[in-house]
Amino acid sequence: MEKNKYISIGELVRILNSSISTVRRDLIELETEGKIQRTHGGAVVLGSQFRNEEMTYTSRSERYVEEKERIGQYVAGLVQDAACIVIDTGTTTLAVARNLRPSRLLRVITDSLDIANVLRGRENIDVILVGGVLKTDAGNFYGELALKSLEGLHAEACVVGASGLTYKEGITKHDYDAIPATKKMIEISHQLICVTDSSKVGLTGMVSVASADMIDILVTDTGISDGSRKKFIEAGVEVVTV
């Protein structure tokens, strides 16, 4: 595992000549010791490209500030002439909200208390705040009430951030509780815009939110590698660097 970083349960059963139940027990023990992170069907050695821990919302907001601001300015210009958009919770998506200056009425659906507060009282903006259970750290709403409040709504674009982004796994996040609401917000939108600084590209979060080929536009900074850019373009994604 140290060599390959990821290995499936099936491979471990074959290599160790052990039962599936024994392998699973061993993986649980190794995860408890902080040596690996169990994933669906296998495990990843910690310290690899898999991001096993999410930084606090405050810590994330203090990283790559200039890059996020440039991304926010660009994407705000893309979406502010729409009639209705969705903005998912996150520090990069918050930068998008801060830069919105629509010349006509724009309705913004969001699960983020911070985004709602930033847009409160902003000229030509109506905020539709998703209900549900409030997470105290990131200030986002989740749960069955969140899903129900999104039913029947439609938006032109959904702006989503990422804990990790790869061609293979697509957009991934760590906030397991909020994933259903995020997926629903993507579902009700005609276009998916992923916003993330380049430090997240090549990393993988705990849960997949959307596959790479679901992304219409990826907006990131110039730090993205040529290889990653090429893979996303081949998947039909418009890649914009700012």
Side-chain angles (χ1 to χ4, degrees), residues 68 71-102 105-116 118-119 122 124-132 135 138-143 145-166 169-197 200-201 205 207-220 232 235-240 242:
K68 291 175 181 178
I71 292 168
Q73 290 173 358
Y74 181 85
V75 176
L78 279 183
V79 300
Q80 64 187 9
D81 289 330
C84 182
I85 63 172
V86 175
I87 306 181
D88 189 26
T89 189
T91 56
T92 309
T93 53
L94 179 61
V96 175
R98 280 198 303 266
N99 284 281
L100 287 174
R101 297 290 187 279
L105 180 62
L106 170 65
R107 290 184 172 88
V108 177
I109 302 168
T110 185
D111 61 340
S112 167
L113 195 59
D114 284 348
I115 289 173
V118 162
L119 297 177
R122 184 80 58 88
N124 292 327
I125 292 181
D126 283 347
V127 178
I128 301 171
L129 184 59
V130 172
K135 293 185 77 74
N140 59 299
F141 292 91
Y142 70 98
L145 286 175
L147 294 176
K148 287 181 180 179
S149 66
L150 290 164
E151 289 180 1
L153 298 180
H154 301 279
E156 293 174 48
C158 181
V159 182
V160 174
S163 297
L165 177 66
T166 67
E169 305 294 343
I171 301 171
T172 53
K173 292 195 175 192
H174 291 293
D175 189 356
Y176 183 83
D177 292 330
I179 297 302
T182 301
K183 287 185 174 181
K184 184 65 175 178
M185 289 190 287
I186 293 171
E187 180 186 317
I188 67 172
S189 304
H190 293 290
Q191 184 180 55
L192 175 56
I193 302 172
C194 179
V195 293
T196 183
D197 65 80
K200 310 286 182 57
V201 181
V207 186
S208 292
V209 176
S211 60
D213 59 6
M214 290 176 63
I215 303 170
D216 294 291
I217 304 173
L218 166 61
V219 184
T220 185
F232 284 110
V237 181
E238 179 184 347
V239 180
V240 178
V242 293

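Just so it is clear, the structure is predicted and the values come from calculations on it, not from any experiment. Position 1 is the first residue of the sequence; numbering continues from there.
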**Request:** Determine the minimum heavy-atom distance between His174 and Gly205, stating which atoms define it.
**Result:** CE1-CA, 3.7 Å

**Asked** Which heavy atom in Ala157 sits nearest to a heavy atom in Val79, and how many Å separate them?
**Response** CB-CG1, 4.4 Å

**Prompt:** Cation-pi between Lys135 and Tyr142: NZ/CZ under 6.0 Å from ring centre and within 45° of the ring axis?
**Reply:** yes

**Asked** Taking all non-hydrogen atoms of both residues, which atom of Leu218 and which atom of Leu165 are closest, and how far apart?
**Response** CD1-CD2, 3.6 Å

**Request:** Mind jotting down which residue pairs meet the salt bridge (Lys or Arg N to Asp or Glu O under 4.0 Å) criterion with at least one end in residues 83-94? Sequence neighbours excluded, please.
**Result:** Asp88-Lys173

**Message:** I'd like to check Val86 versus Asp111 (side-chain heavy atoms, cut-off strictly below 4.5 Å). Are they in contact?
**Reply:** no

**Any side-chain heavy-atom pair of Ile125 and Val108 under 4.5 Å** = yes

**Prompt:** About how many Å separate NZ of Lys200 and OG1 of Thr172, when rounded to the nearest 0.5 Å?
**Reply:** 10.0 Å

**Request:** Please tell me if the side chains of Gln80 and Arg101 come closer than 4.5 Å, counting only heavy atoms from C-beta onward.
**Result:** yes

**Message:** So Ile193 and Asp216, do their side chains get closer than 4.5 Å, heavy atoms only?
**Reply:** no

**Request:** Apply salt bridge (Lys or Arg N to Asp or Glu O under 4.0 Å) to the pair Lys148 and Glu151, showing each step before the final yes or no.
**Result:** CA-CA 5 Å; Lys148 287 181 180 179; Glu151 289 180 1; over 6 Å; no

**Message:** Under the rule for side chain to side chain donor-acceptor pair (under 3.5 Å), what residues qualify as partners of Asp213, not counting sequence neighbours?
**Reply:** Ser211

